[in-house]
There are 2 protein chains.
Amino acid sequence: MASEPVETTQLAAGSDVLSSPNVTRQSRVRKREDAIISAARHVFTTHGYVKATMAMIAREAGVADGTLYTYFENKDALARGVIADYYARLTQTAKQGVDSRRTTQTRLDFLARHHITSIMEERGIIEMLPLLSSRLSGYSKDELYGLNKTYVAVFDGLIREGRACGDIPGDADVAVLRDIFFGALDYGARSSLMRASGESARKTDITRLVNRLVGMIIGTSASTGSLADRLETVADRIETALKQVGH
Amino acid sequence: MASEPVETTQLAAGSDVLSSPNVTRQSRVRKREDAIISAARHVFTTHGYVKATMAMIAREAGVADGTLYTYFENKDALARGVIADYYARLTQTAKQGVDSRRTTQTRLDFLARHHITSIMEERGIIEMLPLLSSRLSGYSKDELYGLNKTYVAVFDGLIREGRACGDIPGDADVAVLRDIFFGALDYGARSSLMRASGESARKTDITRLVNRLVGMIIGTSASTGSLADRLETVADRIETALKQVGH
DNA sequence: CGCAATAATTGAAGTCTATTCAATTTAATT
DNA sequence: AATTAAATTGAATAGACTTCAATTATTGCG
């Protein structure tokens with residue numbers, strides 16, 4: 001429809017990004033990617049994934065709309081980029097904090113506080129996760145799956161170490177403890193923010209939850225009722241069998 | 001641009017919805033609202049909030065695009081409608097199941113299983129929640145906040161009753177236990193689905209998590225007649241499974 | 001340094017989707 | 001049967017994501 005090549009007016013595109021000597025192309029590209037991710041993080045957290053627009057992000061990053069697409073395939077990929085960056089930072093600071101502490105209890109305590117605090121601060125980011133996790137299957141191929149795995153590995157290591165030196169009793173599946181730990185913290189973050197009470201009230205919320213949680217894990221007494229356990233296993237099998245009959 | 005009133009061809013709009021006698025307008029409207037919510041639930045769960053389109057929903061509900069907007073203000077409101085409907089059903093079945101059991105242990109156990117099972121089945125629905133919760137403030141005015149509150153009230157009541165009759169030791173804040181309970185179940189549902197192992201593996205995941213969780217709250221272990229309690233749990237589950245086969 | 005080749009950037013155009021609204025059909029009422 | 005009110009329709013609108021041909025910037029080389 002449009003016929004003539006238009007007189008484009010583009011002036012001084014990257015005027016602020018570069019201008020210092022010996023910056024290689026690669027370094028400038030990396031810098032721009034950072035700028036885009038920062039802008040995206042800001043826009044996503046303030047407006048939410050749905051209402052955030054690519055135009056807003058481009059404007060805040062100081063680039064044209066089209067430029068975003070040379071760095072990220074689409075809006076989805078951009079959001080995933082933001083989350084990936086978040087996980088990287090989270091894992092790094094978590095490891096650091098854990099390493100600088102000695103006892104199992106203080107380490108667990110730190111990890112819990114670190115997690116819930118980060119979540120509450122950058123809540124909008126993790127909220128995008130379920131949106132993006134490509135409908136169930138194929139998620140394990142996703143980069144985010146791996147990043148999440150390395151993050152929670154910090155917790156897993158703590159548990160195993162704690163067991164080895166007798167600080168943590170019981171033999172519950174680490175996966176179960178992990179679900180309880182992170183699940184409670186995520187949910188707790190949400191509900192504390194929703195109550196929307198003041199800063200100090202939230203502090204109290206955090207302390208109560210973290211203490212309880214760590215206490216439960218460290219003080220867990222092993223229920224060794226193997227007979228009962230086996231009974232439930234039997235129930236599992238009966239249920240499965242019945243369902244198969246149904247179909 | 002378009003000038004002339006067009007010869008519209010609309011034929012037999014509600015031909016399938018009505019056609020029985022003494023259906024009042026109100027009842028037809030209610031039926032149509034149900035149809036829309038059902039269609040929306042289906043489309044939202046299969047495609048996710050973002051990729052689901054109003055046109056898809058309208059088509060599946062058997063109405064014109066515009067009709068959706070006489071029932072729900074916009075896409076957001078429609079999604080909230082779906083969630084509200086979900087919560088209503090969830091609360092009803094939860095209450096019912098709890099009331100039909102006697103001991104604190106079996107009740108808690110049922111509630112946990114009921115929750116995680118429902119979540120896993122209709123996972124896409126609750127995943128929309130964070131998207132819709134109007135950015136923090138003002139959420140307490142939201143209908144969904146109230147519905148969630150009445151739902152978790154079932155758990156709260158259980159805890160208080162359990163304390164009153166000595167089944168649940170300790171004096172931890174109920175809010176903290178609630179965060180741990182529902183948080184662990186939500187998170188556990190996600191991670192079990194993500195591992196995407198088979199049907200029976202997921203059953204085992206659920207059993208492990210629920211047992212641990214209930215054990216932690218009740219104060220655990222094989223102290224007082226837990227074998228008998230667990231036996232009842234097993235009976236519960238067999239009954240439920242049998243009922244499902246029946247349908 | 002000048003020039004060709006390559007990479008990055010741009011923004012207008014294309015396409016798809018949520019939402020509106022005037023016209024129309026259907027139900028309730030007198 | 002006629003009138004009033006409600007519900008429904010679907011084409012039109014506006015705005016968002018994404019593409020791509022044209023343009024600009026950067027690198028490598030003689």
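Quick caveat: nothing in here was measured; it's all calculated off a predicted structure. Hydrogens, waters and symmetry mates are skipped; everything else that's a heavy atom, side chains included, is used. Quick note on labels: first sequence line is chain A, next is B, and so on, each numbered from 1.
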A:Thr67 vs C:dT10: side-chain N/O to OP1/OP2 distance below 4.0 Å: yes
Between CE of B:Met54 and P of D:dA12 the distance, given in whole Å, is 20 Å
A:Tyr71 OH - C:dA7 P separation (whole Å): 14 Å
Provide, to the nearest angstrom, the distance between the CD1 atom belonging to B:Ile36 and the P atom belonging to D:dT9. 9 Å
4.5 Å side-chain heavy-atom contact, B:Arg113 and B:Thr207: yes
Sugar-phosphate only, base, or nothing, as touched by B:Thr70 at under 4.0 Å among non-hydrogen atoms: base
Closest to side chain of A:Val29, choosing from C:dA8, C:dT17, C:dT19: C:dA8
Ring-ring centroid check B:Tyr86 B:Phe44, cutoff 6.0 Å: no
NA contact type, B:Ala52, heavy-atom cut-off 4.0 Å: base, sugar-phosphate, or nothing? sugar-phosphate
Can you see if the side chain of A:Arg28 gets near the phosphate of D:dA25 - specifically, an N or O under 4.0 Å from OP1 or OP2? no
What is the distance, rounded to the nearest whole Å, between atom CG of B:Leu78 and atom C1' of C:dT19? 13 Å
B:Tyr49 six-ring face occupied by B:Lys75 cation (under 6.0 Å, within 45°): yes
Rounded to whole angstrom units, what separation is found between the OH atom of A:Tyr69 and the P atom of C:dA7? 23 Å
Please report the distance, rounded to the nearest Å, between CD in A:Glu73 and P in D:dC17. 16 Å
Identify, between A:Asn74 and B:Gly66, the residue whose nearest nucleotide on DNA chain D lies closer to the 5' end. B:Gly66
Should the ring pair A:Tyr151 and A:Phe182 be called parallel, tilted or perpendicular, given that the plane angle runs from 0 to 90° and is split at 30 and 60? tilted
The side chain of B:Ala64 is closest to which nucleotide in this list: C:dA18, D:dG10, D:dA7? D:dG10
In whole angstrom, what separates B:Ile57's CD1 from C:dT17's C1'? 12 Å
Which part of the nucleic acid does B:Phe72 contact within heavy-atom distance under 4.0 Å: base, sugar-phosphate only, or nothing? nothing
How close or far is atom P of C:dA18 from atom NE2 of B:His47, stated in whole angstroms? 12 Å
Within 45 degrees of the ring normal and closer than 6.0 Å to the centroid, is that where the cationic atom of A:Arg178 sits relative to A:Phe181? no
